[in-house]
Undergrad: 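Below is the structure I would like to discuss, written out as structure tokens.
None of these values were measured; they are calculated from a predicted model. Throughout, residue positions are numbered sequentially from 1 according to the sequence presented.
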Amino acid sequence: MKESQNIEFKQSWRDEYLKWICGFANAQGGELYIGLNDKGSVVGLADARRLLEDIPNKIQAILGIICDIDLKKDNGLDYLKITVEPHSFPVSYKGQYHYRSGSTKQELKGSALDQFIMRKQGKHWDSVPVPRMGIKDLDLRCIEEFRQIAVNQQRLDETSLGETIPDFLERLKLLDEKNNYLTRAAVLLFSRHPEYRVGGAFVKIAYFQNEADIIFQDVIEGDLFSQADRVLDLIMTKYTRALISYKGSIRHDTPPVPKAALREAIHNAIVHKDYGSSIPIQIRVYGNKIRMWNASVLPEGWTLEKLIGNHSSKPYNPDIAAAFFRTGRTESWGRGIENIFTACRNAGVPDPVYELEINGLWTEFYFSKNYREQAAGLGQPDSDTKTGRETDIGFGMISEKIRNDFGKDVANTLILIKKNPEYTAAQISKLTGKSSRTIENYLKKLKDAGVINRKGAKLGGHWEILNNIMDP
């Protein structure tokens, strides 16, 4: 046996190991072995028979649950096996909530704890009622517009047009029947100023000349539907410019990023945002790329690889997602990111790059080299005049080359190193959901190919991206 999501070894018993039992109970269950070393070899437990009586009493008194505890023998050595079942209700250790994730135990706090408790109660963040928020606080024009669009999209039947507002909202599960309070989803979807009730419920956009200098910026507030429409319009008309060409007398506009891809990315950010974080969606526009960040929490067990690949639809805010689906803004098949990749490839734009952080997700769109050259009108606007080699501003092209040579996973590893050269293999492993050994193999490939080099010690050192990365 090896330690895993569901297995943990301890050489001797300490009462603090009740936290590990709490973590198993709150996750998928598991087995805690007492009397085994880290390699899973039996080392024996001198007081096993006494602990066989003491541990169950402590588990019940402190955690309030019952676990099976078995006395085992191996070559004459005693050890204990504690089997923990997953529990449908939150289990706490002296007011702390622990959770087993991978082969580690985490104490849940803040929005992660809120999400965990709601999930155990069969609820989700956007379904929670907001005290003292009723129909009088809504923009009725917004509701009527939503109903008409949803009917036109054939995602609501025409009878809904004749329903009273309370009945309509109740049917969509946006009004709490017990006290007529609006849910968080209703406040975000249909109130004029949702940011007054939900911190960070807005979008910030800025144009950056470089990482330090902002040229201009906007803050977009209002209901979520208006935010989505206004953000897309601002990016397409104010923050980027389309290349204009003609075929005969017909004009063609070519934006740096396909409108369909941007629309899907904006809708994804708004629908799946962790609004409990109180941090707004942030969009950075540069001369060569668009970077979009939103606070997000992946479904349990998901990694960045699964998010980018084929998956079923598991929205963080199901009621908000349902409303966007009814207006035709999104689908409900989990194909949003796939559609983004398809739109970019059809337009000849580099694949977007996704980077998962502990508290959020980056989506980066890089403009094609052809677009940047034509937009600048100077032939090689982002090249070093001495060498003709791509400089830092062309990193999208660099990552594109790495993707072609080594695959997207290695390219994503390189992008993380560029973001933070001090990342270790273990830290990159945690961010991507891949094993440390896999990340070490990726790093070795990049080192052997002369793409990166390690400076300093394993701990405390840093990576550097070599200047000859774009050499043929």
Undergrad: Hey, are E331 and R335 close enough for a salt bridge, meaning a charged N less than 4.0 Å from a carboxylate O?
TA: no
Undergrad: Specify the closest pair of heavy atoms between F190 and C142, including all atoms of both residues, with the distance to one decimal.
TA: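 Looking at all heavy atoms of both residues, the closest pair is CD2-SG, 3.8 Å.
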Undergrad: Ring pair (Phe, Tyr, Trp, His ring centres under 6.0 Å) for Y239 and F216? Distances and angles first, verdict last.
TA: CA-CA 9 Å; Y239 283 83; F216 51 87; 4.9 Å; yes
Undergrad: Less than 4.0 Å between a side-chain N and a carboxylate O, is that true for R171 and D167?
TA: no
Undergrad: Would you compute the distance between atom OG1 of T240 and atom CG of L262 and round it to the nearest 0.5 angstrom?
TA: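 One finds 7.5 Å between OG1 of T240 and CG of L262.
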Undergrad: Would you please name every residue forming a side-chain contact (heavy atoms from CB on, under 4.5 Å) with T327, sequence neighbours left out?
TA: F146, I149, F225, R329
Undergrad: Return a table of donor-acceptor pairs under 3.5 angstrom between the side chains of residues 127-138 and protein atoms on other chains or two or more places apart.
TA:
| from | atom 1 | to | atom 2 | distance (Å) |
| --- | --- | --- | --- | --- |
| S127 | OG | H124 | N | 3.4 |
| S127 | OG | H124 | O | 2.8 |
| D137 | OD2 | G134 | N | 2.9 |

Undergrad: Please report the interatomic distance OG(S277) to CD1(I279), rounded to the nearest 0.5 Å.
TA: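 One gets 4.5 Å once the value is rounded to the nearest 0.5 Å.
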Undergrad: Return the minimal non-hydrogen interatomic distance between A426 and S436, and the atom names on each side.
TA: CA-OG, 3.9 Å
Undergrad: Under a 3.5 Å distance rule, please check whether N317 uses its side chain to pair with a backbone N or O of I320 as donor and acceptor.
TA: no
Undergrad: Just to verify, which of L188, V187, D176 counts as forming a side chain to side chain contact (heavy atoms under 4.5 Å, CB included) with L182?
TA: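 Considering L188, V187, D176, a side chain to side chain contact (heavy atoms under 4.5 Å, CB included) with L182 is found only for V187.
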Undergrad: With K273 as the cation and Y275 as the aromatic partner, state whether NZ or CZ is under 6.0 Å from the six-membered ring centre and within 45° of the axis.
TA: yes
Undergrad: With a 4.5 Å cut-off on side-chain heavy atoms, are L108 and Q96 touching?
TA: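 Side chain of Q96 against side chain of L108, heavy atoms only: no contact under 4.5 Å found.
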Undergrad: For the atom pair CD (Q227) and CD (E195), what is the distance rounded to the nearest 0.5 Å?
TA: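 Q227 CD to E195 CD: 7.5 Å, rounded to 0.5 Å.
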Undergrad: Restricting to non-hydrogen atoms, name the atom on D253 and the atom on A242 that form the minimum distance, rounded to 0.1 Å.
TA: CB-CB, 3.9 Å
Undergrad: I'd like to know if D351 pairs up with R345 as an ion pair, taking the criterion as any Lys NZ or Arg NE/NH1/NH2 lying under 4.0 Å from an Asp or Glu carboxylate oxygen.
TA: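 Salt bridge: yes.
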Undergrad: Less than 6.0 angstrom from the centroid, inside 45 degrees of the normal: does R284 satisfy that with respect to the ring of W293?
TA: no
Undergrad: Residues in ring-ring contact (aromatic ring centres under 6.0 Å, His included) with W20, at least two apart?
TA: Y17
